[in-house]
Student: 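Quick one: the structure is below, questions incoming.
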Amino acid sequence: MLKYLIYDTETTGLNIVTDKPFLFQYGLVDEDLNLLDVKVFKAKDKKNKQKFIDYIKKVDTIVGHNIKFDIHMAINSGIDISFFKDKNYIDTAVLARLVISHDQQRDSSFSIALKKLAVRYLGKDTAQEEHLLKAELSQLTLEHKANMKQYFIDKGVWDLSLSGRAETKVINEVYNNWNKVFHKYIHLKQARLDFLKLNPAPNYSDCSNVWTYAETDIYLTHGLFKLWYHDVVKLQQVPTLIRISKATIPYVLMERKGMSVNLNKLIQDRNMIIKEMSKTKIIDPRNGFEYSIGQHAKLKELYEYETGMLLKSADKQTRKEIESKSPSARKANYIAKMEKYLSSYITRILNKLSIIDNEYKVFTQYNFAGTVTGRLSSDFQQFPKEPLELANGYVVNIRDWFVVPKGNKYMFYFDYSQMELRLQCEWTNIVSGSPDLNMARAFSPYKCHCYDSNGNKVPYQGEPNKYFKTRDWYLDEDPAIKWQPTDLHALTTKNAFPGVSEMDPDWGHYRQLGKRANFACNYGAAAPKIADALNVDFPTAQALVDGYKKAFKGVVDFSKWLYKHTRTTPSTPNLLLRRYYSRNKHLLQNWLVQGSGADILLEKTTEVYEYIKDKPWWNLMISVHDELGLTCDGIPKAQLDKEVKAIQNIMVYQLSAVDVTVDVEATETSWANKVDY
DNA sequence: AGCGAGCCGTAC
DNA sequence: GACGTACGGCTCGCTG
C-alpha cells in the first residue's frame, strides 16, 4: 500500500521563484519501503499533473533529495502550497548527514550530492549519463554563443578589428560574465538583449536524454531512502529528522519572501568602485606586465623582489606587514577589497536579480544538509558587515542595498546574544553539575542574592527577560561585593599578563589580545596557532592560553570530560539530541556548542512561524546562524510592540544557569540603518 | 572548454 | 594532534 511519495523535478534553472520545472518524476513507495511504481511526465501534461497532486493528497510523507527545491518548483508550476503544508518531509541529503559517521563526512572527498552518494553507498555510477547530458548542453551553449557573436556582426555592433585571443576574450566575457563587465561593452547592450529575447539560452529541457536522467534520480533517491531510513531510528536521530521536517515549509516561505534590492544605489556604488579601480594598476617594474589581484603566486614573487624578504603568502595580513617596503603590496591592499566587492558581491547580486511585481528581488536557499554540525549553509551568509571606504571618502556599505520590501513597513532582526558562549557555559554545567562561575557571571548574577522591599534576602534563581537588571545583586561568597557582569576578556588578559592593570596606558592593546585569545581558545586553538594569528611570540601565546584556562576552569573540565567520554562512547548528542558519531574530542567540543545553537535556531524558527502564520502582516525573511529576520507591515504601535515582544519571548531559550536571550533591532529603510528596537 | 586544487576573503 | 562551521571568485595546471 502506498505510504511514501518520492518526487523530483527537472527545471529550466536554479532560481527558486523564476525558474520552472519542465519534467516531474515520482515514485510510489509502500510501508516496507519498496518502490511500487515510477512515473515521469511533462509539467504541461495536466492529466498526469492532477494524478500527481492526488498522490500528494494521499500520502502524509514526502521524500526527496533537497526536497525544499522541488516544493518551490511545484509551486512555480501552479500547484498550491497548501497541498504541502502539514506533511512530513524526509530529505535524503539530511538522512546522509544523520546516519553517516561524522568523521567520514569531514573527509574532503565526501559530497552530499545525489550522484556522489549513489556511487559511494549504492554502488551505482551514473556519471556517464550525467556526462552525456552536460555535454549536450555544453554543445548547445557553444552554438548559442556563436550565434550571439554572429548577431552582433550582422547588426554592425561588433568590433571587426578584433581577432584571435582578443576576440575570444570579448565574446566570452559578454556571454559568460555580462554582469561583471557590462560597463566595458555599452555598445553591445541593446543587441545582446534583443538577441536573448529572440533566442533564449538553452537549458536541460532542450537535451535529448533528460527523461532517462530524470527517472534515474528517482531510483537513486529511493535507494538512499531505503538504505538509511531505518538507521535514523537505530542511531537515535529521530528528533532531528522531525525538527528538520517541521522547519521545511517555514523555510520555503522564508526563501520565497527573498530580499528587496535598491538597484539604483547598488549601481551607483558599482560605478564609483569601477572608476576608482581604473586609477590603480599593479605593474611589474622588471617586465612591465600588469597583474590581476588573483595572481597570488606572481604577486608574492613581486613582493619578495620589492622587499628582499621571503614571504609565506600574498594575503592581506602579509601585505599589511610589508606595506611600507613594497609599493605593489600597498596598491594590492587597496585594489583587493574593491575587486572583492565587485566580483563577489555586486556581480553576484546582479546575477541573482529578479524583477517581481516591479520590485528587484534576490532569493537564496538554505541548505538543511550543508554542514556536519547542523548549521544551515547558504550563499547569503557572508556579505561583509564593514563598509568599504574609497580613497576619495566615498563609502560603500552593502547593507544599503537591501531595503524594506514594497508593502512592508519594517524589517526586524532578532539575534541571539553571545549564543555560543552561553551554550559553552551550559556544557560546563552539564558535565560538572555547576556552571563555570566566571562565565555564568558574565551573563547573570549566578550564586548571588538581592533584597526585597521588606529587606528579606532573595537568592537568584534564574530570571527570564532580563528582570534581574532592575536590581542590585551581591555575591553569595562575599556580600560586600556588588555583582557586575564579568569582563571575560579582561579576565584572560590579567591572568596572562599579571603585571598589567587597567590603569596601564597600553591596557587596550593587552585586552585586545585577551579577547582574541578567548575567541581562538573557544574554537579549540592552542599556543602555536595563537602565536601565528595574534602575531605574538610563543611564550606570550602560551601565557594567553594559560590565562584562558585559569579564567575558565569549567571549560577545562568540559574538555577533560569529553576526552574520557569519547574514549568510551561512539556518539554524543547535542543539547537538542542531534547525535554526532565521532570520537574526535577536539572537533566535538566545538560541534556540541555550534550544533546546539543551530538546532535551537531551527526549532525556534518553526515556533515563530507557528506564531505568525495567522498574522499575514509578518513574514520570515532571513536567517543567519544566530539571528532571524522578519518583515512586518504598518500595524498599530501597541500591537506591534506586543507582537515583537511575543516573538522575542518565543525565541529565548532557557538553559539551567544562563538563558540564551534575544536582542531586537529594526529599520524602516535599509539593513544598514537598523537600530535597537 | 571543463574540472579540480589551492588560495583568498567574507560570515557567524 | 594542535582554530570550528560554511560560501564564492579567481588562477593555474591538467585533460581531451
Side-chain angles (χ1 to χ4, degrees), chain A residues 97 102 105-106 108-109 111-112 127 131 134-135 137-139 141-142 145 168 172 175-177 180 291-300 312-319 332-333 336-349 351-352 364-367 369-386 388 398-399 415-416 418-421 424 516-534 538 541-542 545 548 559 563 580 584-595 597-598 601 622-627:
Chain A
R97 288 293 182 195
H102 294 79
Q105 293 183 36
R106 284 195 74 252
S108 60
S109 69
S111 162
I112 208 76
H131 179 78
K134 287 193 171 167
L137 183 59
S138 288
Q139 192 55 44
T141 306
L142 276 179
K145 182 163 76 177
T168 310
N172 280 350
Y175 190 83
N176 299 327
N177 214 354
K180 181 162 182 191
Y291 296 143
S292 73
I293 203 70
Q295 292 175 289
H296 309 114
K298 290 198 172 66
L299 287 174
K300 190 173 89 153
K312 55 177 195 219
S313 151
D315 67 6
K316 84 175 174 185
Q317 191 182 334
T318 309
R319 291 196 307 258
N333 274 338
K337 196 145 187 181
M338 293 190 289
E339 170 66 27
K340 179 83 174 164
Y341 269 60
L342 185 63
S343 292
S344 289
Y345 310 123
I346 295 174
T347 303
R348 178 135 55 101
I349 289 171
N351 285 341
K352 285 171 85 78
T364 188
Q365 292 180 72
Y366 296 91
N367 187 349
T371 75
V372 71
T373 60
R375 269 194 177 183
L376 308 189
S377 66
S378 140
D379 68 345
F380 248 56
Q381 69 189 31
Q382 64 275 30
F383 280 17
K385 289 178 78 155
E386 290 304 316
L388 158 67
I398 289 182
R399 295 181 172 202
D415 76 297
Y416 284 111
Q418 305 198 71
M419 186 184 219
E420 293 198 351
L421 216 48
Q424 191 162 46
R516 291 173 68 191
N518 275 351
F519 274 104
C521 290
N522 283 335
Y523 282 142
K529 279 285 178 189
I530 301 236
D532 189 42
L534 276 60
F538 192 83
Q542 192 59 57
V545 173
Y548 173 88
S559 178
Y563 178 82
Y580 302 108
N584 187 326
K585 175 252 153 201
H586 184 244
L587 290 175
L588 264 175
Q589 190 167 341
N590 184 261
W591 293 355
L592 292 174
V593 171
Q594 186 183 113
L601 183 63
I622 192 176
S623 150
V624 195
H625 307 314
D626 66 358
E627 80 177 60

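Values reported hereafter were calculated over all heavy atoms of this structure, with side chains retained and with hydrogens, waters and symmetry mates removed. From a predicted model like this one, the values you see are computed outputs, not experimental measurements. Proteins come first, then strands; the chains are lettered A, B, ... in the order of their sequence lines, and each starts at number 1.
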Student: With the side chain of A/T373 defined as its heavy atoms from C-beta on, choose the nearest nucleotide among C/dT5, B/dT10, C/dC10.
Tutor: C/dT5
Student: Does A/F383 reach a base, just sugar-phosphate, or nothing at all? Heavy atoms under 4.0 Å.
Tutor: sugar-phosphate
Student: Is it the case that over 12 heavy atoms from other parts of the model lie below 6.0 angstrom from the NZ atom of A/K529?
Tutor: no
Student: Closest approach to the side chain of A/H625, judged atom by atom: which nucleotide of B/dA1, B/dC12, B/dT10 is it?
Tutor: B/dC12
Student: Go through C/dC3, C/dA6, B/dC8 for me and flag the one nearest to the A/S377 side chain.
Tutor: C/dA6
Student: Under 4.0 Å between any heavy atoms, over every strand shown, what does A/Q295 touch: base, sugar-phosphate, or nothing? Just pick one.
Tutor: sugar-phosphate
Student: Closest approach to the side chain of A/D379, judged atom by atom: which nucleotide of C/dG8, C/dA2, B/dG9 is it?
Tutor: C/dG8
Student: Take the protein atom CG of A/L388 and the nucleotide atom P of B/dT10, then report the distance between them rounded to whole Å.
Tutor: 10 Å
Student: Measuring to OP1 and OP2 of C/dG8, would you say a side-chain N or O of A/S344 lies under 4.0 angstrom away?
Tutor: no
Student: Between A/S343 and C/dG8, does any side-chain N or O lie under 4.0 Å from OP1 or OP2?
Tutor: no
Student: B/dA1 C1' sits how many Å from A/Y175 OH, rounded?
Tutor: 13 Å
Student: Measuring to OP1 and OP2 of B/dG2, would you say a side-chain N or O of A/S138 lies under 4.0 angstrom away?
Tutor: yes
Student: Taking the side chain of A/Y523 as its heavy atoms from C-beta onward, which of C/dT5, C/dC3, C/dG8 lies nearest to it?
Tutor: C/dC3
Student: When all nucleic acid strands are considered with a 4.0 Å heavy-atom cut-off, which category describes A/N584: base, sugar-phosphate, or nothing?
Tutor: nothing
Student: For A/R97 and C/dA6, give me the distance from atom CZ to atom P, rounded to whole Å.
Tutor: 6 Å
Student: Is A/L587 touching bases, backbone alone, or none of the nucleic acid, heavy atoms closer than 4.0 Å?
Tutor: sugar-phosphate
Student: Please tell me which of A/K298 and A/Q594 maps to the more 5' nucleotide of DNA chain C, matching each residue to the nucleotide holding its nearest heavy atom.
Tutor: A/Q594
Student: Whole-Å distance between B/dT10 C1' and A/I346 CD1?
Tutor: 15 Å
Student: Taking any heavy-atom pair under 4.0 Å as a contact, classify A/T347: base, sugar-phosphate, or nothing.
Tutor: nothing
Student: Starting at CG of A/D532 and ending at P of C/dA2, how long is that distance when rounded to a whole Å?
Tutor: 14 Å
Student: Report which part of the nucleic acid A/V372 touches: base, sugar-phosphate, or nothing (heavy-atom distance under 4.0 Å, all strands).
Tutor: sugar-phosphate
Student: Could you walk me through whether A/E420 and A/Y523 pass side chain to side chain contact (heavy atoms under 4.5 Å, CB included), step by step?
Tutor: CA-CA 10 Å; A/E420 293 198 351; A/Y523 282 142; 4.1 Å; yes
Student: Name the closest nucleotide to the A/P384 side chain, picking from B/dA11, C/dT5, B/dC8.
Tutor: B/dA11
Student: Establish, with yes or no, whether the OP1 or OP2 oxygen of C/dG4 is under 4.0 angstrom from a side-chain nitrogen or oxygen of A/W591.
Tutor: no
Student: So do A/H625 and A/L601 actually touch side chain to side chain, heavy atoms under 4.5 Å?
Tutor: no
Student: When we call it a touch if two heavy atoms are under 4.0 Å apart, what does A/R106 touch: a base, just sugar-phosphate, or nothing?
Tutor: sugar-phosphate
Student: If I take atom CD in residue A/Q105 and atom P in nucleotide C/dG4, what distance separates them, rounded to the nearest angstrom?
Tutor: 17 Å
Student: Check the surroundings of atom CZ in A/F538: do more than 12 heavy atoms from other residues, nucleotides or ligands lie under 6.0 Å from it?
Tutor: yes
Student: Check whether any side-chain nitrogen or oxygen of A/N172 sits under 4.0 Å from OP1 or OP2 of B/dA1, and answer yes or no.
Tutor: yes
Student: Between B/dA1, C/dG4, B/dG9, which one does the side chain of A/K340 approach most closely?
Tutor: B/dG9
Student: Please determine, by modelled atom types, if A/K180 and A/N351 share a side-chain donor-acceptor pair under 3.5 angstrom.
Tutor: no
Student: When you get a sec, tell me which of C/dG9, C/dA6, B/dG9 is the closest nucleotide to the side chain of A/R319?
Tutor: B/dG9
Student: Please tell me which of the listed nucleotides, B/dC12, B/dC8, B/dC3, lies nearest to the side chain of A/K134?
Tutor: B/dC3
Student: Tell me the interatomic distance from A/H296, atom NE2, to B/dG9, atom P, rounded to whole angstroms.
Tutor: 6 Å
Student: From C/dA6, C/dA2, C/dC10, pick the nucleotide closest to the side chain of A/T371?
Tutor: C/dA6
Student: Given atom CG of A/N522 and atom C1' of C/dG4, what is their separation to the nearest angstrom?
Tutor: 11 Å
Student: OP1 or OP2 of C/dG4 less than 4.0 angstrom from a side-chain nitrogen or oxygen of A/K529, does that happen here?
Tutor: no
Student: Does A/K145 reach a base, just sugar-phosphate, or nothing at all? Heavy atoms under 4.0 Å.
Tutor: sugar-phosphate
Student: Show, in sequence, the C-alpha distance, side-chain angles and deciding distance for A/Y580 and A/V372, and conclude whether the side chain to side chain contact (heavy atoms under 4.5 Å, CB included) test is met.
Tutor: CA-CA 9 Å; A/Y580 302 108; A/V372 71; 5.8 Å; no
Student: Ignoring hydrogens and angles, state whether a donor on the side chain of A/T318 or A/K312 is under 3.5 Å from an acceptor on the partner side chain.
Tutor: no
Student: What's A/Y345 touching, base or sugar-phosphate or nothing? Going by heavy atoms closer than 4.0 Å.
Tutor: sugar-phosphate
Student: How is A/K585 classified with respect to the nucleic acid when contacts are heavy atoms under 4.0 Å: base, sugar-phosphate, or nothing?
Tutor: nothing
Student: Indicate, with a heavy-atom threshold strictly under 4.0 Å, whether A/A533 touches base, sugar-phosphate, or nothing.
Tutor: base
Student: Which of parallel (below 30°), tilted (30 to 60°) and perpendicular (above 60°) describes A/Y345 and A/F383?
Tutor: perpendicular
Student: NA contact type, A/P528, heavy-atom cut-off 4.0 Å: base, sugar-phosphate, or nothing?
Tutor: nothing
